[in-house]
Amino acid sequence: MSDREIDSFPDLDSLSLAARDAFVQLVESTIAERGVFRVALSGGSTPKRLYQLLADVKLPWSQMLLFWGDERNVPSDHPESNYRMVREVLLEPAGVPSSSVCRPPINVEDPAETAEVYEEILRNEFVNETFPRWDLALQGMGDDAHTASLFPQTKAIDRTDRWFVENWVPQLDAYRLTLTAPAICSARNIWFLVAGTNKRQALQNVWEGPLKATDYPSQLIKPSEGAIRWFVTADANPLESGTDE
Ligand code: 6PG
């Protein structure tokens, strides 16, 4: 069986509608089985439409726990904050109770402390787990093949001793906070949402290129069980003839 399932869509809207339906189905089945649904949310722009769609769905939010797979080293009300984006398009519109929301407690002056504190929070939630057993890890991918804040040629790529770390990203001249690769791979379900022509080459490298995780960090993400689900738009999908060919 391939270690990836690919669903290709004409555009971001149809991709997001399909991801919404899959998300709702997974929440319902997970809560029926275990009584709680714990997800590591992705930041960036691609999942925003999905979050907007979820805001209009009646979900058992009080039986769900929302975490962040990565965050920028900025205050939670900063325009670049992943938490702020989710708060604006999902948490507030859907009335998600604060007891279901667990964002990294950013200390801009000390990203290492933020990472340690959030890791402790995760370890207290996923007690006795080697790595956090998310019901879903929702991932985006940059046009440089990064995921979460595991950027090419950065130190966090090699961290296997931690769950959540600070990561200096020279390309951004900034710190990021991120789950480590093993702390994503431990999820029961890993979904990537990738859209846009600008992601096509990166997807080609991740799927078909040489194994070079330090250059293509999304290659690090291999589920401990099952397959990765890729929700991609046709223009991002290297396995589909592009419009420019
Ligand atoms: C972030 C994300 C990051 C994102 C990719 C893709 O904090 O930006 O978590 O990993 O998923 O950069 O971003 P877009 O969806 O905006 O292309």
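Every number for a ligand or one of its atoms is a count from 1 in the order of the listing. Note that the coordinates shown come from a computational prediction; the quantities given were computed from them, not determined experimentally.
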Quick note on ligand 1: atoms under 4.0 Å from a heavy atom of Ser42 include exactly 9 (O), 11 (O)
Under 3.5 Å, N or O to N or O, is Thr147 touching ligand 1 that way?
no
Distance filter under 4.0 Å to Gly140 heavy atoms, resulting ligand 1 atoms
11 (O)
Checking the side chain of Glu119 only, and the main-chain atoms of Phe164 only, is there a donor and an acceptor separated by less than 3.5 Å?
yes
Please report which non-hydrogen protein atom sits nearest to atom 15 (O) of ligand 1, along with the residue it belongs to and the distance in Å to one decimal place.
Thr46 OG1, 2.6 Å
Give the intermediate values and the outcome of side-chain contact (heavy atoms from CB on, under 4.5 Å) for residues Asp3 and Ile228.
CA-CA 6 Å; Asp3 60 357; Ile228 296 181; over 6 Å; no
Provide, to 0.1 Å, the distance between atom 8 (O) of ligand 1 and the closest protein heavy atom, together with that atom's residue and name.
Arg72 NH2, 2.7 Å
Below 3.5 angstrom, do we get any N/O pair linking Ser149 and ligand 1?
no
Would you kindly say whether Ser186 and Glu129 are connected by a side-chain donor-acceptor distance under 3.5 Å?
no
Taking the side chain as every heavy atom from C-beta outward, state whether Pro152 and His146 have any pair of such atoms under 4.5 Å apart.
yes
Any nitrogen or oxygen of Gly43, side chain or backbone, less than 3.5 Å from one on ligand 1?
yes
Mark yes or no: Arg229 above the aromatic ring of Trp191, with NZ or CZ under 6.0 Å from the six-membered ring centre and no more than 45 degrees from the axis.
yes
Could you check whether Trp163 and Tyr118 have their ring centres less than 6.0 Å apart?
no
Verify the neighbour count for atom CD of Glu109: are there more than 12 heavy atoms of other residues, nucleotides or ligands below 6.0 Å?
no
Honestly, for Asp70 the part within reach of ligand 1 (heavy atoms, under 4.0 Å) is side chain
Walk me through whether Cys102 and Ile121 qualify under side-chain contact (heavy atoms from CB on, under 4.5 Å).
CA-CA 9 Å; Cys102 184; Ile121 291 169; 3.3 Å; yes
At less than 4.0 angstrom from any non-hydrogen atom of Asn82, what atoms of ligand 1 do you find?
1 (C), 7 (O)
Ligand 1 contact by Glu71, heavy-atom criterion under 4.0 angstrom:
no
Identify, for atom 17 (O) of ligand 1, the protein heavy atom at the shortest distance, and state residue, atom and that distance.
Lys199 NZ, 2.7 Å
Any heavy atom of Gln139 closer to ligand 1 than 4.0 angstrom?
no
Look at atom 13 (O) of ligand 1 and say which protein heavy atom is nearest, naming residue and atom and giving the distance to 0.1 Å.
Gly44 CA, 4.0 Å
Name the option, out of Ala148, Ala195, Ala236, that contains the heavy atom nearest to atom 10 (O) of ligand 1.
Ala148
What protein heavy atom sits nearest atom 5 (C) of ligand 1, and how far off is it?
His146 NE2, 3.4 Å
Tell me whether Glu225 at atom CD has more than 12 heavy atoms from other residues, nucleotides or ligands lying less than 6.0 Å away.
yes
Thr233 side chain to Phe9 backbone, donor-acceptor under 3.5 Å:
no
